[in-house]
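Reading through the structure tokens given below for one structure.
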Amino acid sequence: MKGEPSKRHDVIIAGIGGTGSMIIGQILAAAAVSRYNNVLWNPSMTTARRGAPADCTVILSDTEIASPLLFSADTIIITESSRLKAFEGRVLPGGMIILETSGENEEVERDDVRVVEIPGVETAARLGNALARNMVLLGAYVEKLAPLPAALIEEEIARKFPDNGKMRELNLNAFREGMNIARSA
Amino acid sequence: MKGEPSKRHDVIIAGIGGTGSMIIGQILAAAAVSRYNNVLWNPSMTTARRGAPADCTVILSDTEIASPLLFSADTIIITESSRLKAFEGRVLPGGMIILETSGENEEVERDDVRVVEIPGVETAARLGNALARNMVLLGAYVEKLAPLPAALIEEEIARKFPDNGKMRELNLNAFREGMNIARSA
Amino acid sequence: MAKGVIEIKENRCRGCGFCEMFCKKGCIEMSTRVSNLGLPLPDFINPDDCSACGMCAWMCPHTAIEIYEYVEASPATAL
Amino acid sequence: MAKGVIEIKENRCRGCGFCEMFCKKGCIEMSTRVSNLGLPLPDFINPDDCSACGMCAWMCPHTAIEIYEYVEASPATAL
Amino acid sequence: MEKKWIAGTPRLWRDIPVIIPFCPGCQHGTAVKALCEVIDELGMEKNSVLVVGIGCYTMASILVDVDSAMIAHGRACDIASAMKRIVGKDTMVITWQGDGDALAIGCEPTIHAAARSEKITTFMINNGNYGTTGGQLAPTTPLGQVTTTTPFGRNQDQGYPIQAAEFIGSLKGVAYTARGAFTSPANYQKTKKYMKKALEKQRDGVGYSFVEILSTCPANWHMSPLDSLKRVEEEVIPLFPLGEFKDVDKIE
Amino acid sequence: MEKKWIAGTPRLWRDIPVIIPFCPGCQHGTAVKALCEVIDELGMEKNSVLVVGIGCYTMASILVDVDSAMIAHGRACDIASAMKRIVGKDTMVITWQGDGDALAIGCEPTIHAAARSEKITTFMINNGNYGTTGGQLAPTTPLGQVTTTTPFGRNQDQGYPIQAAEFIGSLKGVAYTARGAFTSPANYQKTKKYMKKALEKQRDGVGYSFVEILSTCPANWHMSPLDSLKRVEEEVIPLFPLGEFKDVDKIE
Amino acid sequence: MTDRLLIQGNEAVGWGALNADCRGFFGYPITPQNEIIEWFAREFPKRGRAFLQSASETGSINMVHGGALTGVRVMTSTSSPGWALMQEGMSNLANAELPCVIVLVQRGWNTTRHAQTDYTSVTQGGGYGGYKTIVLAPKSAQELYDFVQLAFYLADKYRNPVVVLSDAILGQMMEAVELRNPDFGPLPDKDWAITGKANHKDGNRRFSSIGQGMLPTPKHPNLCAFWGDYKNKIDTIKKKEVRYETYLLDDAELVLVAFGYVARVSLEALLAARNKGLKVGLIRPITLWPFPSETIRDKAKKGATFLVVEDNMGQMIEDVGVAVQGQAEIHLVNALDRHLPIEEGAIYPEKVLEKIEALIK
Amino acid sequence: MTDRLLIQGNEAVGWGALNADCRGFFGYPITPQNEIIEWFAREFPKRGRAFLQSASETGSINMVHGGALTGVRVMTSTSSPGWALMQEGMSNLANAELPCVIVLVQRGWNTTRHAQTDYTSVTQGGGYGGYKTIVLAPKSAQELYDFVQLAFYLADKYRNPVVVLSDAILGQMMEAVELRNPDFGPLPDKDWAITGKANHKDGNRRFSSIGQGMLPTPKHPNLCAFWGDYKNKIDTIKKKEVRYETYLLDDAELVLVAFGYVARVSLEALLAARNKGLKVGLIRPITLWPFPSETIRDKAKKGATFLVVEDNMGQMIEDVGVAVQGQAEIHLVNALDRHLPIEEGAIYPEKVLEKIEALIK
Ligand SMILES: Cc1ncc(C[n+]2csc(CCOP(=O)(O)OP(=O)(O)O)c2C)c(N)n1
Ligand SMILES: Cc1ncc(C[n+]2csc(CCOP(=O)(O)OP(=O)(O)O)c2C)c(N)n1
Ligand code: SF4
Ligand code: SF4
Ligand code: SF4
Ligand code: SF4
Ligand code: SF4
Ligand code: SF4
Ligand SMILES: [Mg+2]
Ligand SMILES: [Mg+2]
């Protein structure tokens with residue numbers, strides 16, 4: 001696929017405390033290595049150890065990636081709705097917010113961006129474990145923006161989670177369900 | 001005596017190993033504090049601990065003393081004759097070399113300086129202890145250059161050596177005997 | 001009747017379960033409720049047996065428990 | 001007769017007197033001679049009693065003593 | 001009937017506006033709580049100074065309602081020694097450190113404060129690793145334990161754990177050493193007793209006092225809080241026995 | 001009759017063009033001599049590396065005819081640990097240090113090399129002060145001793161001397177510790193035996209080995225050489241007893 | 001084709017070192033470089049290479065000293081406070097002329113977050129005696145991988161420590177890295193290594209010293225011989241080892257100067273500015289010491305204005321000042337220009353662009 | 001009348017500290033500053049002041065940290081390798097804004113003899129985080145006595161460590177010193193001292209931190225608040241605390257720039273040159289940081305040539321370079337110009353005169 005003209009994708013994933021949002025960013029980036037000339041994942045964690053805000057930025061691009069730090073991005077995934085207000089202003093006009101609906105009931109105030117609301121926690125819990133909540137959002141992102149074939153992400157999820165473990169199935173299901181939901185969202 | 005015009009005296013004392021030559025320099029400097037506006041004693045020791053060359057510079061002056069390091073001086077006191085060659089060239093023309101005669105029998109080659117030969121070791125041994133050898137040379141210096149009244153030096157020697165100790169007497173005697181010898185040298 | 005009562009400060013609780021483990025009276029049980037941080041919260045399920053012994057608070061690493069003993073109301077010191 | 005002989009390297013000697021102190025045979029004595037550095041020098045005063053025991057060299061802190069034992073001259077290995 | 005407060009947040013535990021970042025089941029909080037209680041019970045609130053090293057416990061420097069300083073990693077005993085010699089005997093100078101802080105980079109300060117018989121007290125929280133930086137080998141890590149710098153388990157190639165309370169207790173300048181843990185309410189009380197005694201040794205000017213406190217690190221041990229506590233009980237205490245190792249009323 | 005060399009300057013003692021600056025009666029020279037002999041007798045000349053700290057003994061780095069490095073004050077055990085792990089078991093890595101070097105600024109490197117059970121050997125010359133810098137208090141200075149930083153005699157305010165051979169021996173990673181002196185020919189031989197044994201422990205890969213050697217410092221003790229030797233015998237040895245303190249053939 | 005891995009900058013350090021045949025790593029945990037020491041703990045022992053955790057950073061640098069003495073390639077990594085603790089060791093390594101590599105993953109003074117607050121300390125040489133080291137400033141995980149290898153080469157070439165200056169952002173972020181094999185050319189034998197006489201061709205002892213010139217050696221019979229040699233070495237490096245990158249410099253009226261990750265933030269701003277028709281260029285020093293002063297001075301003489309962008313309170317700006325010799329205006333975007341004044345606040349390209357626009361009007 | 005004592009420079013440090021009401025000294029032996037620590041060991045305990053010998057220089061600087069926390073005046077002294085070991089502590093003291101004084105008696109890299117090889121390290125601030133300290137450079141025993149007192153004043157005024165930069169010559173030589181009592185004016189209360197709540201008027205706890213801006217305090221609610229404040233402090237010092245001395249500058253065509261004992265060697269050469277009718281002047285920086293750049297720049301603009309004289313391989317010359325901004329020629333007399341290339345070799349006035357004559361012909 002290399003060599004074909006390819007859009008650049010910038011996404012910020014904003015969550016809380018630890019690794020959930022970090023890991024979907026890493027999976028997205030790792031899955032894209034074979035597809036894009038340049039791939040970057042950049043975390044932003046505060047000193048506080050657990051339960052503190054934690055965001056990451058993923059950039060997929062065929063041209064050189066200049067800044068690893070983005071103030072604004074095409075897409076922002078909010079995995080904890082409490083982070084919405086801090087990030088709402090950072091989506092580019094015409095961009096998209098993928099928003100976890102569980103938790104605080106903040107509303108997006110901007111009208112120049114698309115909003116995709118995803119019940120990640122609920123969906124993951126329904127599939128067996130709320131821990132997979134962020135995978136649902138990743139599915140929604142891939143469905144909506146299509147930066148990569150879903151198969152590449154699924155391969156990466158399989159690599160990340162232990163063989164035959166039920167975590168692999170859970171996460172794959174959550175990812176696929178996220179795509180499903182997004183298709184009709 | 002302050003305020004009277006007063007010559008500046010520069011003297012380098014060159015010896016070996018440890019404190020002998022250092023101490024007469026300190027005594028000279030200390031005795032001069034009440035007499036000169038500025039007094040400086042500057043040692044030069046190598047890293048080697050014992051038995052290595054050790055020199056010091058003493059400057060007595062009513063005007064500001066600029067450099068604490070002198071390459072050449074009016075007077076050089078050689079307390080170990082083995083050091084003569086290293087220092088002979090550092091006496092100013094018309095200056096004086098006060099030379100311990102015991103040890104290697106090097107001769108002064110310059111003819112533009114005065115040479116005063118003093119048998120310090122011999123004299124001090126005769127007075128009771130060769131350890132006081134440098135005091136003999138100090139006596140010779142004070143006699144020849146008269147930078148200070150001898151009484152000031154004697155006071156300082158008394159201060160330096162313990163009350164009623166025989167070292168005090170020995171050193172005072174050595175100093176006085178140095179003056180005596182120099183008077184006729 | 002209950003000798004005392006405990007108060008669980010849910011904003012401080014980190015769901016470690018030490019309180020449940022060390023209450024010999026079985027007054028505390030980890031629930032299915034979760035805190036803001038997504039961690040399980042304990043419930044004071046058995047108030048009547050609480051002896052106000054202090055153990056649960058001693059063992060709580062997050063100072064999330066306060067224990068009170070019931071004492072006779074002291075008559076207002078009138079004067 | 002002397003079993004051995006010692007050699008005192010005066011340029012290394014620092015006049016500590018350990019050799020005199022540790023020679024049980026009384027072969028060494030600190031003299032009134034002084035070295036370049038003005039330190040007293042030992043004399044090998046009693047060569048006949050020297051047993052080449054090694055003690056003086058062991059104890060000399062300045063490696064100023066070499067000890068030799070007298071041995072039969074080895075016949076020149078002719079062939 | 002009225003409600004009388006019996007136990008819970010100690011009086012000297014400050015209500016601070018920042019999140020206390022101790023992980024679930026981490027006993028750093030328990031240790032700080034015990035410290036608050038001990039200082040309060042000894043009436044030392046107004047004349048205590050807390051010198052806090054760098055580790056997950058650094059928060060103690062803003063949690064305890066006494067004068068306090070957050071200082072360089074490992075150098076608490078240097079700093080406390082100097083402070084004590086200036087503030088004098090009526091002010092208690094306490095260092096609050098971890099096993100990495102007090103024994104690795106802090107080896108020289110700790111051992112020399114002990115040898116110099118400084119009239120200070122060290123409380124060292126031993127969780128067998130460097131919690132803050134993500135669970136690396138510490139001077140106290142038991143053989144076999146997996147850490148991020150002994151990913152295949154600590155083996156003899158990295159040597160053997162140091163038993164601080166015993167090792168430091170062997171120095172003459174030391175008045176008191178002990179090792180406690182928080183594996184049960186009884187141990188909690190016993191550990192508080194050790195901590196008190198250590199402070200009393202300082203108050204009485206006997207010499208250096210040192211209490212090692214075994215603690216959990218569920219996050220880096222990759223264990224649940226309850227399993228961590230069990231590990232301390234079943235695996236750590238057998239290697240690091242509880243009790244007092246030195247207790248003298250006068251040195252010499 | 002022919003003359004056969006029996007004793008004196010050891011074969012590995014290099015004839016160097018600079019003045020050896022040991023003061024009269026200073027036993028640093030004796031120690032270096034013993035080292036030369038021990039290395040020679042064990043046949044380790046070609047596969048030994050000497051790591052020399054900073055002190056009056058630094059000269060050892062050019063006196064002994066083996067590969068050698070003069071390195072930072074106090075860090076010999078860090079340096080030696082790294083070297084050993086690279087050069088491997090067939091090369092003997094030896095640190096040559098003073099009491100100040102190994103125990104004060106070198107406290108952390110020495111104790112951690114011991115705890116890590118590094119396969120290296122430390123020889124520490126204990127003369128009870130910092131000779132090089134003019135005779136200051138060292139971690140080994142006996143109570144009462146006048147030094148330039150305890151001008152009225154060391155008192156308890158500066159704590160108590162560290163007994164290194166015993167203290168270090170108490171760490172599990174240590175294979176061997178001993179303390180020798182050169183107060184008599186018999187002690188000279190015994191000390192050499194300790195030094196040999198320490199190197200053998202390294203050769204056999206048992207663990208860290210450490211020999212403390214009591215020595216004179218006539219210059220800073222302000223004593224004659226003979227009086228210094230007497231002082232070691234009569235005052236120092238009673239406080240720092242000679243002998244072996246740890247001797248194991250396998251750790252664990 | 002070479003491998004391409006998505007790895008953190010900190011991990012790229014490990015792969016680079018492995019590829020450079022580094023044989024020993026010595027380190028102490030500190031955020032944000034823990035992934036480096038953990039990489040070595042995982043990867044080195046199983047390959048028979050030395051990994052040893054020290055008891056402090058003072059220990060690390062002295063272990064590096066020990067490793068370097070044996071003549072193999074060795075390294076350490078640390079963050080800011082640890083770097084400070086290594087200053088005596090750095091001076092000693094330079095004095096003893098022992099090659100080694102130090103990766104400094106800067107943090108913001110005493111926070112664990114990103115910044116470039118150690119610029120002056122690394123480029124000027126702290127410590128004592130006036131030592132200097134080449135400082136390489138990568139901008140990406142790829143360059144971390146590449147520059148660690150270059151650093152080993154330069155260290156061996158000059159028998160001097162070399163610093164690779166990373167930071168919390170470069171260390172933590174992941175990028176696709178190509179595990180390529182650079183060839184820097186031949187190097188002299190390490191005939192000076194301290195490994196025991198059995199290992200030397202001539203069978204003679206070797207001697208290494210941190211006080212060169214004190215005890216006479218054939219190479220340095222006296223102190224000034226050593227000082228002079230060291231100065232010559234430094235002067236040679238200054239002449240030969242300057243490295244930098246430029247973007248659109250030719251017609252630039254405003255020249256950004258930035259290093260490390262900040263150079264990339266600046267480049268983003270530059271591209272945006274160019275889109276608006278603003279004539280902006282960029283000089284990115286790759287060696288922070290020696291500093292590319294001449295390139296900057298040339299541009300200054302041509303009348304350009306400079307905008308230094310750095311994530312500290314203004315440190316490199318001093319070197320830019322030295323370079324322009326009063327012949328150009330110099331402006332600064334510094335750490336206070338973070339969008340939020342807190343630890344994780346950052347200088348975004350938008351902020352740099354804002355300053356650019358304010359300057360070219 | 002005040003006392004006049006013939007004392008070593010190192011001893012003058014002690015007397016100065018005593019007169020400044022210093023209450024604690026913490027140090028570790030190292031040549032050529034041993035007379036300082038020995039002075040305090042002798043004089044402090046009997047006056048009820050704290051003297052404590054540390055186990056290393058890392059220990060010393062942290063003991064100084066402890067002492068400074070209590071709000072009294074405390075200090076340490078050391079020589080070059082020890083200074084390097086203090087770099088983490090220096091950074092921490094600066095971050096925690098704790099006043100204290102460090103006397104650095106330089107030695108020549110790793111020899112025990114005289115030199116000025118630590119100029120860059122002290123003036124630039126090694127360590128981490130970009131800390132800065134005022135550096136006072138005395139030229140005599142009298143100034144050592146005076147400047148130690150000034151240093152304590154400035155440290156308290158700015159709540160920042162201050163370095164007094166001595167060297168083996170200044171430390172070892174004896175001069176007559178007048179034990180005078182300078183009055184620098186009032187200072188603010190040390191209400192921040194960590195001494196126990198009983199000692200505070202308001203009874204509230206005090207908190208000190210080496211990571212200011214991490215945990216919010218009223219003074220520094222966030223990181224940039226602290227960084228900004230620290231930068232302001234540094235800028236204020238740069239503006240207000242520049243000190244220097246000049247000799248015969250007005251008509252000088254050649255200006256010597258030298259500090260410490262070398263300034264006196266240079267003055268001797270200057271006097272000799274003036275005797276020969278050569279128009280030579282001298283600028284002696286007293287504060288090495290902040291550096292008297294403006295005075296130098298003014299003179300450069302008037303067309304003077306500069307001759308920097310320093311006992312190292314050329315360090316201050318960089319600052320002179322920054323000052324003149326390419327507007328004047330700068331020449332150097334450095335440590336290689338010693339009459340003998342060995343440790344105790346020295347730059348004599350004759351050598352400086354020789355260079356002066358070569359430059360003005
Ligand atoms: C000089 C320095 N080196 C390293 C660090 C990084 N660091 C912070 S805390 C810590 C270890 C803490 O371990 P420990 O004292 O056992 O505390 P814990 O977190 O385990 O409770 C380290 C290495 C530092 N802050 N400063
Ligand atoms: C970092 C550092 N601090 C201090 C010194 C100064 N110094 C040189 S040797 C020495 C002490 C030596 O004492 P010890 O190891 O006991 O050796 P001794 O001279 O007594 O044999 C000191 C403090 C130094 N060289 N480097
Ligand atoms: S106070 Fe005692 S009885 Fe009551 S809940 Fe707590 S542990 Fe149980
Ligand atoms: S012990 Fe405390 S933190 Fe743990 S579950 Fe109970 S209340 Fe929550
Ligand atoms: S070898 Fe023995 S007997 Fe001979 S002189 Fe020496 S100590 Fe005396
Ligand atoms: S023992 Fe050695 S140094 Fe001492 S006096 Fe005898 S020969 Fe001289
Ligand atoms: S990492 Fe470990 S020590 Fe640190 S807070 Fe978490 S559990 Fe406690
Ligand atoms: S000062 Fe002491 S240790 Fe140093 S050489 Fe002299 S006697 Fe030996
Ligand atoms: Mg720990
Ligand atoms: Mg010693």
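- Of the residues considered (G:H114, G:K351, G:H339, G:E268), G:E268 shows the highest number of contacts with chain A, using heavy-atom pairs under 4.5 Å.
- When side chains are defined from C-beta on, G:L267 counts as touching A:E64, because their heavy atoms get closer than 4.5 Å.
- Within the 4.5 Å cutoff, the side chain of A:L40 has heavy atoms near those of the G:M173 side chain.
- Within a 6.0 Å radius of CG in G:D250, no more than 12 heavy atoms belonging to other residues, nucleotides or ligands are found.
- Remark: A:E122 CD is loosely packed, at most 12 non-hydrogen atoms of other residues, nucleotides or ligands lying under 6.0 Å away.
- In this structure, the portion of G:K139 lying under 4.5 Å from any heavy atom of chain A is its side chain and not its backbone.
- Other residues, nucleotides and ligands contribute over 12 non-hydrogen atoms within 6.0 Å of the CZ atom of A:F161.
- Heavy-atom minimum distance, G:Y348 versus A:F71: CD2-N, 3.2 Å.
- Heavy-atom distances place no part of G:L5 under 4.5 Å from chain A, backbone and side chain included.
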When you look at G:Q172 and A:W41, which way does the side chain to side chain contact (heavy atoms under 4.5 Å, CB included) test go after all the steps?
CA-CA 9 Å; G:Q172 298 296 318; A:W41 171 87; 5.8 Å; no
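- Contacts of residues 255-265 of chain G with chain A at a heavy-atom distance below 4.5 Å involve G:Y261, G:R264, G:V265, listed in sequence order.
- More than 12 non-hydrogen atoms from other residues, nucleotides or ligands lie less than 6.0 angstrom from NZ of A:K85.
- Atom CG in G:L6 sits 11.5 Å away from atom CD1 in A:I27 (nearest 0.5 Å).
- Nearest approach of G:P349 to A:L69, heavy atoms of both residues: CD-O, 3.6 Å.
- Around atom CZ of A:R126, more than 12 heavy atoms belonging to other residues, nucleotides or ligands sit under 6.0 Å away.
- Within the model, atoms CG of G:L270 and OG of A:S67 stand 12.5 Å from one another, a figure rounded to the nearest 0.5 Å.
- With a 4.5 Å cut-off on non-hydrogen atoms, A:Q26 touches chain G through its backbone and its side chain both.
- The environment of NZ in A:K160 is crowded: more than 12 heavy-atom neighbours from other residues, nucleotides or ligands sit within 6.0 Å.
- G:R4 places no side-chain N or O within donor-acceptor distance of the main-chain N or O of A:S34, the cut-off being under 3.5 Å.
- In this structure, no portion of A:T57 lies under 4.5 Å from any heavy atom of chain G.
- Each of A:P68, A:S44, A:P43 was scored for a side chain to side chain contact (heavy atoms under 4.5 Å, CB included) with G:I169, with one residue passing: A:P68.
- Within the 4.5 angstrom heavy-atom criterion, atoms from both the backbone and the side chain of A:I65 approach chain G.
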